[in-house]
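From a predicted model like this one, the values you see are computed outputs, not experimental measurements. In what follows, every heavy atom counts, from backbone to side chain, and hydrogens, waters and symmetry copies are set aside.
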Amino acid sequence: MKISEFLGTIHQRDSLLFRSGLFTLIVGVLLLFPMAIDDRLIMGINPWIKPIKFCLSITIFVWTVAWLLEYFPKTLLWRKIISKTVFVTMLIEILIIIIQAGRGTTSHYNFTTQLNGALFGIMGIMIALVTLAIMGLFFLFIFKKVNLDRVYLNAIRIGIAIFLLASYVGSIMISNEAHTVGVKDGGPGLPFVNWSTIGGDLRIAHFLGLHAIQIFPLFAYWMIKKTGIKMKERMVALLIFTILFLSVLAFIFFQAQEGKPLL
C-alpha cells in the first residue's frame, strides 16, 4: 500500500483521528528547527527531543486506533466516545510536553512548583482517560461481533491486552516518580530514546508493550497476506509469537526492576 493510499484509508476510517495524527506528525517535523538551534539541556539532552518522540508515538497511536475503529459501525456510541477521548487526551498531552520543553523543564514527575505539579497531574488524568478508552476498545473486540479473520481478530485482542499491561508499567513509573531504577533520571542514555545505559529503565518495557497494539495485528496481517499458511498453523504461530513476545517483555521489565541497563 502506498503512503497516499494509507493516509486516505486512515482519513476514511476516522477523519478526526486522521487530523489528530497529521497534526502531531507536522508538529514533530517542525520541532526539528528549535532542536537545531537550542543549546539548552534538560536532564542531559536537548529539550525538544522528548516532544519529537511523543509526536511520532502519538501519530502512530491515534492512526492505529482509527484503523481499528473501522471494524465497528460509525453510528456506534462507544466508537464515537473512544475516538473523541483519544483525540482530546493526546492533544492535551502533547501540548503540555511542548510547553514544558519551551519553559526549559521536564513534563513528567515534575513537582518542583505548583504549576509543574498541576500540569503533570493533568497529564496523569489524560493518560487514565485514554487507557479507559482503549479498555473500551478491547471490550468491543471481545463482545461485539466483527467479520474478521479469526487469527487477525485474536492478534488485535492480544495486542490491545498487552498495551493495557504496558500501561500498568507506566503507573509504576508514576508511583516511583521516575523512569529509572537504581540511578537518578537524566544520566547517560542511548541516542534519541535516552534509555539509561547505567541503570534500569522501565521505559523500555513500557515502549515495547504499548507498541504491541501495532505489532500483533501486523504480524497476523503478514501471515494472512504473505505466507498463505492454514488457519490452524497461523493460530499456532500466533501463540508462539505471543509467548516469545511476553517472555522478552517480562525479561526487560524485571531486568529494569533490578536496576540493570538493557545494554
Can the ring centres of His108 and Phe54 be said to be less than 6.0 Å apart?
yes
Do Trp48 and Phe33 make a side-chain contact, defined as non-hydrogen atoms from C-beta onward lying under 4.5 Å apart?
no
If we only count heavy atoms from C-beta on, is the Leu148 to Phe141 side-chain gap below 4.5 Å?
yes
Is atom CD of Glu70 surrounded by more than 12 heavy atoms (other residues, nucleotides or ligands) closer than 6.0 Å?
yes
Do Phe61 and Val86 come close enough that some side-chain heavy atom pair is under 4.5 Å?
yes
Within the structure provided, determine whether Pro47 and Asp38 are in side-chain contact (heavy-atom separation under 4.5 Å).
yes
Determine whether Asp149 and Arg234 satisfy the following criterion, salt bridge (charged side-chain N to carboxylate O under 4.0 Å, His left out), listing intermediate values before the conclusion.
CA-CA 11 Å; Asp149 175 272; Arg234 285 190 282 119; 3.0 Å; yes
So which heavy atom on Ala133 is nearest to which on Thr85, and how close?
CB-CG2, 3.9 Å
Contacts satisfying ring pair (Phe, Tyr, Trp, His ring centres under 6.0 Å) that involve residues 109-135 (not counting sequence neighbours) are Tyr109-Phe120, Phe111-Phe120
Derivation and outcome, side chain to side chain donor-acceptor pair (under 3.5 Å), residues Ser196 and Thr180:
CA-CA 7 Å; Ser196 179; Thr180 53; over 6 Å; no
Any chance you could lay out the side chain to side chain donor-acceptor pair (under 3.5 Å) test for Thr64 and Gln214, step after step, and finish with the verdict?
CA-CA 7 Å; Thr64 300; Gln214 292 99 24; 3.0 Å; yes
Pairwise side-chain contact, Met123 with Ile92, heavy-atom cut-off 4.5 Å (strictly under)
no
Hey, are the side chains of Phe23 and Leu91 touching, using non-hydrogen atoms and a 4.5 Å cut-off?
yes
Ile52 and Val29: CA distance, side-chain angles, deciding distance, side chain to side chain contact (heavy atoms under 4.5 Å, CB included) verdict:
CA-CA 7 Å; Ile52 291 171; Val29 173; over 6 Å; no
Knowing that exactly one of Val169, Leu190, Ile252 qualifies, which makes a side chain to side chain contact (heavy atoms under 4.5 Å, CB included) with Ile204?
Ile252
Carefully, step by step, assess Val193 and Arg203 under the rule side chain to side chain contact (heavy atoms under 4.5 Å, CB included).
CA-CA 9 Å; Val193 293; Arg203 289 176 298 180; over 6 Å; no
Considering all heavy atoms of both residues, which atom of Ile172 and which atom of Leu202 are nearest to each other, and what is their separation?
CG2-CD1, 3.9 Å
Which atom of Gly21 lies closest to which atom of Trp63, heavy atoms considered
CA-NE1, 3.4 Å
Step by step, would you call Val27 with Ile94 a side chain to side chain contact (heavy atoms under 4.5 Å, CB included)?
CA-CA 10 Å; Val27 169; Ile94 194 59; 5.6 Å; no
If the plane angle is over 60° it's perpendicular, under 30° parallel, otherwise tilted; pick one for His11 and Phe18.
perpendicular
Test side chain to side chain contact (heavy atoms under 4.5 Å, CB included) applied to Lys50 and Thr106, step by step:
CA-CA 9 Å; Lys50 183 172 183 176; Thr106 56; 5.6 Å; no
Is there a side-chain contact between Trp78 and Phe72, using heavy atoms and a 4.5 Å cut-off?
no
